[in-house]
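Read through the structure below, which is laid out as structure tokens, and then see the notes.
Both backbone and side-chain heavy atoms feed into the values below; hydrogens, waters and symmetry mates do not. One is the number of the first residue; the rest follow in order along the sequence. The shown structure was predicted, so the numbers you read here are calculated from the model rather than taken from an experiment.
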Amino acid sequence: MMPKDDLTGKLIVVTGGSSGIGAPTVREFAALGAGVVIGYHKGEERAKALLQTLPAAEHRIAHLELQNPASFSALAESLTWEFGRLDVLVNSTGYTRAVAHADLATLDDRQFTEIVTANLCGPYAAIRSFLPLLQASGEATIINVSSISGFTGSGSNIAYCAAKAALDNLAMSLGRALGPAIRVLSVSPGAVDTDFVPGRDLAAVHAAAKSTPLRRIVEPEDVASAIVACVTRLRRAPAFD
């Protein structure tokens, strides 16, 4: 392993960086010296507050909308002019709601499309927009925050499970297409103690945690540490031509 505990000079974009898993991810990267762009949708005040707590570096906030690829393109253009590269992209934003898997009437076409767009099309739009910047890094990493729902088929609703499964497949496909200059990884937590799923109370999170090997609730900081490790704990081996 080749630890990189000093990320000074590295530039990182974290979508959904103002809350949930994204906020501790921002804090950990910033603590290692990286400059971080905190992407937010509706949490502008949270993003500003988080920004004020970070150690001095090239940090900023950016309004990003999963259903508006132009918002990613606008940020990419700004970063191109200022930095000319991007070292790490963390896709940690998404959207879901609790719908019983058998309740297809509630999970109508509109809801299904919204959930798939947020959890699959949004990350893909971000990757497409930032790809030239990531290629300019020479040693970039894309980390998609997925979910065990992608391979267990159990989660907040069937559209969310399908979207996360597709996101994992996207990571494998892009990993082959873009590697070795750009690594594409998935981090797949179980039930995390956040307010990500509207209508899901703490009792439901506890119930989900009981079905996991460790039988405990995952904290956002746990996932953030795994995300950061994808960048800081990298095994380098000679590449085959």
Side-chain angles (χ1 to χ4, degrees), residues 1 3-5 7 12-34 36-43 45-55 59 61 66 88-98 115 118-119 122-123 141-157 160-161 163-164 167-168 171 185-234:
M1 305 298 289
K4 295 182 178 181
D5 292 325
L7 297 180
I12 298 171
V13 169
V14 180
T15 71
S18 66
S19 62
I21 293 168
T25 300
V26 167
R27 286 192 289 267
E28 284 207 32
F29 275 127
L32 294 177
V36 186
V37 179
I38 306 169
Y40 70 92
H41 180 203
K42 297 180 180 179
E45 293 306 314
R46 290 195 305 266
K48 289 180 178 178
L50 176 59
L51 182 66
Q52 296 302 313
T53 69
L54 303 181
H59 308 306
I61 66 173
L66 290 171
V88 179
L89 169 62
V90 181
N91 285 310
S92 69
T93 190
Y95 159 75
T96 192
R97 57 173 296 198
I115 291 168
N119 295 285
T141 306
I142 298 168
I143 304 161
N144 296 324
V145 178
S146 184
S147 168
I148 62 170
S149 297
F151 50 84
T152 64
S154 60
S156 52
N157 58 70
Y160 181 76
C161 295
K164 291 302 188 181
L167 185 64
D168 290 341
L185 306 171
S186 291
V187 171
S188 301
V192 183
D193 187 14
T194 69
D195 57 0
F196 176 63
V197 183
R200 184 181 69 180
D201 58 17
L202 188 58
V205 177
H206 275 287
K210 288 179 181 178
S211 67
T212 65
L214 294 181
R215 298 182 182 180
R216 71 174 181 83
I217 294 175
V218 178
E219 299 294 336
E221 290 76 12
D222 297 329
V223 188
S225 294
I227 293 169
V228 173
C230 290
V231 177
T232 60
R233 296 297 182 267
L234 171 60

Using residues 142-153 as the side-chain source, report each donor-acceptor pair under 3.5 Å to any protein atom, sequence neighbours left out, with the distance given to one decimal.
{"from": "N144", "atom 1": "OD1", "to": "N91", "atom 2": "ND2", "distance (Å)": "2.9"}
{"from": "S146", "atom 1": "OG", "to": "D168", "atom 2": "OD1", "distance (Å)": "2.8"}
{"from": "S147", "atom 1": "OG", "to": "S149", "atom 2": "N", "distance (Å)": "3.0"}
{"from": "S147", "atom 1": "OG", "to": "S149", "atom 2": "OG", "distance (Å)": "3.1"}
{"from": "S149", "atom 1": "OG", "to": "S154", "atom 2": "O", "distance (Å)": "2.9"}
{"from": "T152", "atom 1": "OG1", "to": "I148", "atom 2": "O", "distance (Å)": "3.0"}
{"from": "T152", "atom 1": "OG1", "to": "S154", "atom 2": "N", "distance (Å)": "3.2"}
{"from": "T152", "atom 1": "OG1", "to": "S154", "atom 2": "O", "distance (Å)": "3.4"}
{"from": "T152", "atom 1": "OG1", "to": "S154", "atom 2": "OG", "distance (Å)": "3.0"}

Listed partners of [X] passing side chain to side chain contact (heavy atoms under 4.5 Å, CB included), at least two apart:
{"X": "H41", "result": "H63, E65"}
{"X": "A47", "result": "S18, I38, Y40, I61"}
{"X": "A226", "result": "V187"}
{"X": "A23", "result": "R27, L50"}

| remark: Applying side chain to side chain donor-acceptor pair (under 3.5 Å) to K42 and not counting sequence neighbours gives none
Heavy-atom closest pair, residues [X] and [Y]:
{"X": "P189", "Y": "V223", "answer": "CB-CG2, 3.7 Å"}
{"X": "A30", "Y": "P55", "answer": "O-CG, 3.4 Å"}
{"X": "P123", "Y": "L167", "answer": "CB-CD1, 3.9 Å"}

| field | Pairwise distance CD1(I21) to CD(E219) - rounded to 0.5 angstrom | value | 11.0 Å
| Nearest 0.5 Å, what's the OG1-CZ distance between T232 and F29? | 7.5 Å
| Are any side-chain N or O atoms of N119 and backbone N or O atoms of Y95, one a donor and one an acceptor, separated by less than 3.5 Å? | yes
| query | Is the closest side-chain heavy-atom distance between V14 and I227 below 4.5 Å? | reply | no
| query | Any side-chain heavy atom of S92 sitting closer than 4.5 Å to one from T25? | reply | no
